[in-house]
2 protein chains.
Amino acid sequence: MSVGIRHDDLRRRNRAMVISAVRRAGQPSRTEIAATTGLSHSTISAISSDLIQEGILTESKPSEAASLKRGRPQVGLGLNPEATAVMTVVLSLNFLSVAVIDYAGQVIAEEQRRLDTQTMPRDELIGECTAIVRRRFEDPDLDVRSVARIAMGIQGITDTHARAMLWSPITSLTDIPFADILEGEFGIPATMENDCNMMAVALQWRDPERYRDDFIAILLSHGIGMGLVLKGELFTGTHSSGGEFGHMIHRPGGALCRCGRRGCVEAYAGNYAIWRNARMMSEDAEPTDVGDADMRALAARARETDGPEREAYRKAGEALGFGLGSLFALIDPAPVAMVGVSAAAFDLIEPALREAIAQTAGGQHSKSISFDTEPNELPLIREGCAMRALGFVDQEIFAPGVQARAGAGKNVA
Amino acid sequence: MSVGIRHDDLRRRNRAMVISAVRRAGQPSRTEIAATTGLSHSTISAISSDLIQEGILTESKPSEAASLKRGRPQVGLGLNPEATAVMTVVLSLNFLSVAVIDYAGQVIAEEQRRLDTQTMPRDELIGECTAIVRRRFEDPDLDVRSVARIAMGIQGITDTHARAMLWSPITSLTDIPFADILEGEFGIPATMENDCNMMAVALQWRDPERYRDDFIAILLSHGIGMGLVLKGELFTGTHSSGGEFGHMIHRPGGALCRCGRRGCVEAYAGNYAIWRNARMMSEDAEPTDVGDADMRALAARARETDGPEREAYRKAGEALGFGLGSLFALIDPAPVAMVGVSAAAFDLIEPALREAIAQTAGGQHSKSISFDTEPNELPLIREGCAMRALGFVDQEIFAPGVQARAGAGKNVA
DNA sequence: AGTATTTTTTCGAGGCTCGAAAAAATAGAG
DNA sequence: CTCTATTTTTTCGAGCCTCGAAAAAATACT
């Protein structure tokens, strides 16, 4: 059962609250923070003075438009970029990229690299990942000790504890404990995150107005994935990660899915499925990789003439619609962001999708459901990993922070 | 965003923690509470002394087996039954029942009543509900002022805020704001709860070992409903309540469902659907009410001979299996309790159900998923309502408790 | 009757937040 | 150019709350 609140938890939580308020708001004044957190001015003053002394926050004098007002001008508080840094590692099909991000969220170094993930043996794949990270650590321009955490993102299934990649479409390898590997190699905490979850995290930061409490990010790419945010928090299953939205059953016994089962949503809406249908191949045809350029060409053809290509997208829309409908039968409708190559063809998908949703229990609100599209998933995944890692750092800097508040026994003027 | 923790919240939360520890454990000693909550002995001592003075808890001297140990015997703490009471109102098909439950959870009065819910006009239905509650209030044996809260349970859809019945299979009436009606009539807080959710709540109390953090309660009755507990908390959608599990699409364009759509799980697994298939009626045949006795007879016949009856249960199992499979694609597998008349025929349903699950993404763990059955849903719903209401009371008694802790400035010996 | 053992209470110390008041920093008025 | 109004931030004392240690209480064993 949940545990009682100790006296010292109080400060810790309120410190966290202040940090998160600053991260969200950008350059809030102490007064603003007091307003959003509901804590008193005195408390905010005390906490932020601590955080500044510890080098976590910095004061940034002029907030420009402040000069319009009468009284004492507000002092903006910002995250100190030098407080610490995090590293992101994103492994996608034939592509590996790392970035170093300072505490304020700015990219300060990056490296990208092509490699053949599909044929690479286990040791080599792991070796490439650790090597690219090591190169960042050995960068003379970078203060190595300042990197506090690594977040790695990958397409596929990860375990709930964000420790290992269990399965991924980009390689035939399974069960690689990347988090443990990176931690062992570099001695700093690491997590292994699912790509769609990171897309959702990134959307929450990009547009907090729209993507706040409940929303869905769906990856329309070779495979179909989903990141789900409920009540403002990433929702992962109880055991493994990443709602396996793409493998909900659309038609029992239906088309062959990459996962080996039949009738999954993905077997109708994944790139390979759309390709298969557009080429009028059998639904049992072995899934093949289709390049992004080919998919774009396919979409163009579907827009031009009402042939099998258009029908393929219609089928994809139908499958996605029934999947979403089933989802909306369990959780209520929420805004949806479509991400990935096929999101660029969402105009072809949407009509059938909406029609399908309207036939389901979630359909009552089908009109009110709104869709966004974002054709490029990689930047989102990187951003999500960065924010994820920074979020962890926020939570960890204040935890030992209570002890770390050495010296400064009393606030000195 | 979430709000900072004030200093006085601390006591309030820890009081709540103590109360909930006592409600869960039955007769825990102060030492036990300290262990489960993680708070210090001094704190528990102070809080429980407050709670006893306020009449919320009582000391109950001998804990019997305690005499085996050496030192000072433990003093059990229990909920004071007289602290307050709650009332439950359960409205089901042609049946209305109320009960008064003391703070310790014992039923101290009840009344049940048959009525024709299906044809009853709106005013009359509401009138019957308020009248039966009023009769309890007018009971001379009962201290009226002690009833602190009403929880009403109903089959069907309720709004997220637990205020109104939006739709129910037991009546053609819709959108009855029962919570507001009861509050207006009797001046005490009331909520309108969904039956399946209450079943889940009750299971959590009946068998906390098995039904702790994540589990599912499925109602197999005329309709199909679901109550879902995730991370120890009732999971309701974001807008309306009660995952509409029964109306997930099993076969697009398939059998006619009571809801008017086609292919829902319920259109294969609801009592009327099983009946329809067993009688080899059309899948488009209008849903009809089937009595419990008829359903039991049908199950008996299905067990005897391998005819259309057995096939009907097989189809029900298949639909439920695919529904559960889709569910398990989103949240990971969890124990399932089957409740309601058809749960008594679960032996007929289970084989096809497991086979279907095995074909879905959740199927990897299909072997490990375990099912319980409970043919009688009404007692569960009543129990759930009672615990729900008491839970609210627990949360409300401590909130004003901080102010209400009048007099007793210091702990007196 | 005395000792060991376990539970519960008491007591002082240390922290934290709060409200009120003071201090700081600026724009506008005369 | 000085004074006043206004707004933000800090300071200070008060009031709670939790904690650890020690004391008190209550029983079983010797």
Side-chain angles (χ1 to χ4, degrees), chain A residues 3-15 17-18 27-35 37-50 52-53 57 59 61-77 398 401-403 405 408-413, chain B residues 3-15 17-18 27-35 37-50 52-53 57 59 61-77 398 401-403 405 408-413:
Chain A
V3 102
I5 302 180
R6 310 280 222 52
H7 201 213
D8 30 329
D9 290 340
L10 226 163
R11 227 324 151 61
R12 204 159 25 170
R13 294 201 196 194
N14 285 339
R15 280 168 64 97
M17 199 117 295
V18 170
Q27 295 278 330
S29 70
R30 290 166 173 80
T31 311
E32 260 175 82
I33 299 175
T37 60
L39 298 171
S40 73
H41 286 188
S42 1
T43 304
I44 299 301
S45 181
I47 291 179
S48 43
S49 131
D50 281 4
I52 290 171
Q53 277 201 359
L57 298 185
E59 288 191 333
K61 272 285 145 95
S63 94
E64 301 166 10
S67 301
L68 296 174
K69 281 191 299 184
R70 260 267 214 156
R72 176 174 174 171
Q74 302 187 347
V75 184
L77 291 178
F398 66 78
V402 175
Q403 304 139 26
R405 249 179 345 140
K410 280 281 159 191
N411 325 340
V412 196
Chain B
V3 102
I5 303 180
R6 310 282 222 52
H7 200 217
D8 30 329
D9 290 339
L10 227 164
R11 224 333 151 53
R12 205 162 21 172
R13 293 201 196 194
N14 285 340
R15 281 167 65 97
M17 199 118 294
V18 170
Q27 295 279 330
S29 70
R30 291 166 173 80
T31 312
E32 262 174 82
I33 299 176
T37 59
L39 298 171
S40 74
H41 286 187
S42 2
T43 303
I44 299 300
S45 182
I47 292 179
S48 43
S49 131
D50 281 4
I52 290 172
Q53 278 201 359
L57 298 185
E59 288 190 335
K61 273 284 145 94
S63 94
E64 300 166 11
S67 301
L68 296 173
K69 282 190 297 184
R70 260 267 214 155
R72 176 172 174 172
Q74 303 187 346
V75 184
L77 291 178
F398 67 78
V402 176
Q403 305 140 26
R405 249 179 344 140
K410 281 279 159 193
N411 325 340
V412 196

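A, B, ... follow the sequence lines: proteins, then strands. Residue 1 opens every chain.
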Please list each protein N or O that sits under 3.5 Å from an N or O in nucleotides 3-5 of chain C, with the distance.
unit_1, atom_1, unit_2, atom_2, d
C/dA4, N3, B/Arg70, NH1, 3.1

Legend entry - Nearest-nucleotide comparison on DNA chain D, the residue closer to the 5′ end among A/Ile5 and A/Glu59: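 It is A/Glu59 whose nearest nucleotide is closer to the 5' end.
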Inset, instruction - Would you mind telling me which residue lines up with the more 5' stretch of DNA chain D, B/Leu39 or A/His41, judged by nearest nucleotide? - result: A/His41
Rounded to whole Å, how long is the line connecting atom [atom1] of [X] with atom [atom2] of [N]?
X: A/Asp50; N: C/dT17; atom1: CG; atom2: C1'; value: 13 Å
X: B/Arg15; N: D/dC16; atom1: CZ; atom2: C1'; value: 14 Å
X: B/Asp8; N: D/dT18; atom1: CG; atom2: P; value: 11 Å
X: B/Asp9; N: C/dG15; atom1: CG; atom2: P; value: 22 Å
X: B/Ile47; N: C/dT9; atom1: CD1; atom2: C1'; value: 15 Å
X: B/Ile44; N: D/dG20; atom1: CD1; atom2: C1'; value: 15 Å
X: B/Arg12; N: D/dC16; atom1: CZ; atom2: P; value: 15 Å
X: B/Gln74; N: C/dT9; atom1: CD; atom2: P; value: 13 Å

Legend entry - Gap separating the CD1 atom of B/Ile5 from the CZ atom of A/Arg12, nearest 0.5 angstrom: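 Interatomic distance, B/Ile5 CD1 to A/Arg12 CZ, rounded to 0.5 Å: 10.5 Å.
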Inset, instruction - Any chance you could measure B/Asn14, atom CG, to B/Thr43, atom OG1, to the nearest 0.5 Å? - result: 7.5 Å
Inset, instruction - Could you tell me whether B/Thr31 contacts a base, only the sugar-phosphate backbone, or nothing, with contacts defined as non-hydrogen atoms closer than 4.0 Å? - result: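 Sugar-phosphate only.
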Legend entry - D/dC17 OP1/OP2 closer than 4.0 Å to side-chain N/O of B/Asn14: no
Which nucleotide sits closest to the side chain of [X]: [options]?
X: B/Arg11; options: D/dT18, C/dC18, D/dT9; value: D/dT18
X: A/Thr43; options: C/dT7, C/dT17, D/dT9; value: C/dT17
X: A/Arg30; options: C/dA20, D/dG15, D/dT9; value: D/dT9

Can you list everything that forms a side chain to side chain contact (heavy atoms under 4.5 Å, CB included) with [X]? Sequence neighbours excluded, please.
X: B/Ser29; result: B/Thr31, B/Glu32, B/Gln74
X: A/Ser42; result: A/Ser40
X: B/Arg72; result: none

Inset, instruction - Output all residues satisfying ring-ring contact (aromatic ring centres under 6.0 Å, His included) with B/His41, sequence neighbours left out; order by chain, then residue number. - result: none
Inset, instruction - Would you sort out whether B/Ile33 and B/Met17 count as a side-chain contact (heavy atoms from CB on, under 4.5 Å), showing the intermediate values? - result: CA-CA 9 Å; B/Ile33 299 176; B/Met17 199 118 294; over 6 Å; no
Inset, instruction - Spell out yes or no: do the side chain of A/Ser40 and the base of C/dG19 have one donor N/O and one acceptor N/O closer than 3.5 Å? - result: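 No, no donor-acceptor pair under 3.5 Å.
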